[in-house]
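Right, one structure below, let's go through it.
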Number of protein chains: 2
Amino acid sequence: MNRKITLAIVDDHPIVVQGLQMILTNNSEINVTGCFTSGSDFIEFLKNNEVDIVLLDVMLPDGNGMDLCKEIKSISPNICVLALSNHSERSIVMQMLQNGASGYLLKNVSVQELTSCIYDALNGEVAFSKAVKEILARPSANDLKGIPQLTKREKEVLQLIAEGKTTALMAKHLFVSPLTIETHRRNLLQKFEVKNVASLIKIAADQGLLKFIG
Amino acid sequence: MNRKITLAIVDDHPIVVQGLQMILTNNSEINVTGCFTSGSDFIEFLKNNEVDIVLLDVMLPDGNGMDLCKEIKSISPNICVLALSNHSERSIVMQMLQNGASGYLLKNVSVQELTSCIYDALNGEVAFSKAVKEILARPSANDLKGIPQLTKREKEVLQLIAEGKTTALMAKHLFVSPLTIETHRRNLLQKFEVKNVASLIKIAADQGLLKFIG
DNA sequence: AAAAAAATACCAGAAAACCAGTAGAAGAAA
DNA sequence: TTTCTTCTACTGGTTTTCTGGTATTTTTTT
């Protein structure tokens, strides 16, 4: 038989750590080698110990999980990082993945899901919990803060802005006066409570309101 | 026992249809009620028949799968659409999902994966095949055009633009002249080959280059 | 030490976006 | 029918971005 899987937990919520530990000690193949409440503690540990997989909270007292994930992977490239978080914002999920995470689980994950995701990740697959798949598929559907209610025309204009069209071009495209487009843009800025199109597009993109442009 | 699951196949490749049919007739819970080689044929069928789930090829002779998916869902909102495709472009996957698909499978899917995805989808979950999860997780890896190489300063300015800061504010924030910021913005626009910050932020957001703003 | 890359800074003008306020017409909902 | 929402359009002015140049200093790489 193979040696046990070594697993570490990095999370500053004692309850979560306790819960995870309980679940995982029931699994004879997995050995929880350490629990850490801060990223720097774990980094120190990692320099002298071998870890197969780490369950990493995205929001820690010292620095954010994205940078930490990158650092972990640079120290120990073969480690699997499974992000574990309450945050269901699409951009956070994407950033963790781009920084080398092997998967992303929301903390409402079930015991079965948790273990199967651990094995999937160790197998080189990408592992998502159910809720995360929802987010990736339909970002706009699951967002905490309410998305402004946009009219049909506003959605069209929003999309065109994201495509880089100027007021004049949008007006031609929609067969209306440029002044009308300006009004729509103004209303969009107001609804999203921002002051320029840069933030408008940032938020709209995060909330999955924009089509992907091939 | 419940009634059988009714399943339809829409694909213009006879071999694929044959293969799917073979696999699925082995499953006693699933009843393949129809195979169609064009979208319009299936739409006609759907008007008079009830279908639980449809395996839908994304590229059909008559029109694309995205619009077809939307039409299917508008006729029969409770139907599950599982996109089945050779196309692994991220934008296609995202658009199918945004048009109401319950999942996306690449045609290299295994028999087990296929059936488990069918059950997941019918269960109201989002179903991806392994390869598709890869695509969703690491868009840049499967992307045709490379991400521009940004300098440290450019990344900072990009982030600040996304946060809605004006040139003057960015200058104060980074302790440089506003003219320097303008140069950086200009270089960013050039590197991304766009003409305004709206498209700049759109692309940067799509590629996960921007931090989440609390 | 030389070359390349990155960060800094400037000028001047054109184009576009942003702000504040107003308002008519069409369509949907009460 | 009246009210509400959406879409439309305007005036007039301010701010910011965008364009096309150029150029010095600092840092990194060869």
Side-chain angles (χ1 to χ4, degrees), chain A residues 67 70-71 74 140 146-207 209-211 213, chain B residues 74 77 145-207 209-211 213:
Chain A
D67 297 340
K70 215 175 206 167
E71 202 180 343
S74 77
S140 45
I147 296 173
Q149 191 64 30
L150 302 184
T151 69
K152 203 180 151 195
R153 217 37 164 180
E154 282 165 354
K155 281 180 200 160
E156 287 179 298
V157 172
L158 176 60
Q159 179 63 39
L160 292 171
I161 293 172
E163 287 170 19
K165 298 241 189 328
T166 64
T167 302
L169 283 174
M170 289 187 264
K172 273 192 181 166
H173 191 267
L174 298 178
F175 306 107
V176 293
S177 155
L179 298 162
T180 305
I181 300 293
E182 294 212 347
T183 304
H184 286 311
R185 185 184 37 236
R186 182 145 117 224
N187 292 337
L188 282 165
L189 294 178
Q190 206 172 49
K191 283 190 179 179
F192 281 88
E193 295 174 320
V194 294
K195 292 200 306 203
N196 50 46
V197 288
S199 359
L200 174 69
I201 297 304
K202 173 64 170 65
I203 296 174
D206 277 356
Q207 303 192 332
L209 265 39
L210 302 174
K211 281 196 209 131
I213 312 163
Chain B
S74 77
K145 48 182 179 267
I147 297 175
Q149 191 65 30
L150 302 184
T151 69
K152 205 178 149 194
R153 219 32 164 183
E154 282 165 355
K155 281 179 198 160
E156 287 179 296
V157 172
L158 175 61
Q159 180 63 39
L160 292 170
I161 293 172
E163 288 170 19
K165 298 243 191 325
T166 64
T167 302
L169 284 173
M170 289 189 262
K172 274 192 181 168
H173 190 268
L174 297 178
F175 307 105
V176 293
S177 155
L179 298 161
T180 304
I181 300 293
E182 294 213 345
T183 303
H184 286 309
R185 186 187 33 236
R186 191 180 159 169
N187 292 336
L188 281 165
L189 294 178
Q190 205 172 51
K191 283 190 179 179
F192 281 88
E193 294 173 320
V194 293
K195 293 202 304 205
N196 50 47
V197 288
S199 359
L200 174 69
I201 297 304
K202 174 63 170 65
I203 295 174
D206 277 356
Q207 304 195 329
L209 264 40
L210 301 174
K211 284 199 203 120
I213 311 164

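Since the structure is predicted, the reported quantities are computational estimates derived from the model, not experimental observations. Residue numbers start from 1 in every chain, and the chains themselves are labelled A, B, ... in the order their sequence lines are given, proteins ahead of strands.
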Donor-acceptor pairs under 3.5 angstrom involving side-chain atoms of residues 174-184 of chain B: please list them, not counting sequence neighbours.
residue	atom	partner	partner atom	Å
B/Ser177	OG	B/Leu179	N	3.0
B/Thr183	OG1	B/Leu179	O	3.1

Counterpart residues, side-chain hydrogen bond (donor to acceptor under 3.5 Å, both in side chains), relative to [X] (two or more places apart):
X        : result
A/Gln190 : none
B/Glu193 : none
A/Thr166 : none
A/Lys195 : none

**Fill in**
Tightest non-hydrogen contact, residues A/Ala205 and A/Leu210, listed as N-CD1, 3.9 Å

**Message:** Roughly what angle, to 10°, lies between the helix axis at the start of the helix from C/dA1-D/dT30 to C/dA29-D/dT2 and the one at its end, five pairs per end?
**Reply:** 70°

**Message:** So, using salt bridge (Lys or Arg N to Asp or Glu O under 4.0 Å) as the criterion, who are the partners of B/Glu154 when residues are at least two apart?
**Reply:** B/Lys191

**Asked** Does A/Lys70 have any salt bridge (Lys or Arg N to Asp or Glu O under 4.0 Å) partners at least two apart in sequence or in another chain, and if so, which?
**Response** none

**Prompt:** Taking DNA chain D as the partner, which of residues 182-197 of chain A come within under 4.0 angstrom of it by heavy atom?
**Reply:** A/Thr183, A/His184

**Message:** Here's a test of your reading of the structure: between A/Met170 and B/Arg153, which maps to the more 5' nucleotide of DNA chain C?
**Reply:** B/Arg153

Between the protein and nucleotides 28-30 of chain C, list the N/O to N/O atom pairs that are separated by less than 3.5 angstrom.
none

**Message:** Applying a 4.0 Å non-hydrogen cut-off, can you work out what A/Thr180 is touching in the nucleic acid: base, sugar-phosphate, or nothing?
**Reply:** base

**Message:** Base contacts versus sugar-phosphate-only contacts with protein, heavy atoms under 4.0 Å: please encode nucleotides 25-30 of chain D as B, S and - from 5' to 3'.
**Reply:** ------

Between the protein and nucleotides 2-4 of chain C, which nitrogen or oxygen pairs come in under 3.5 angstrom?
none

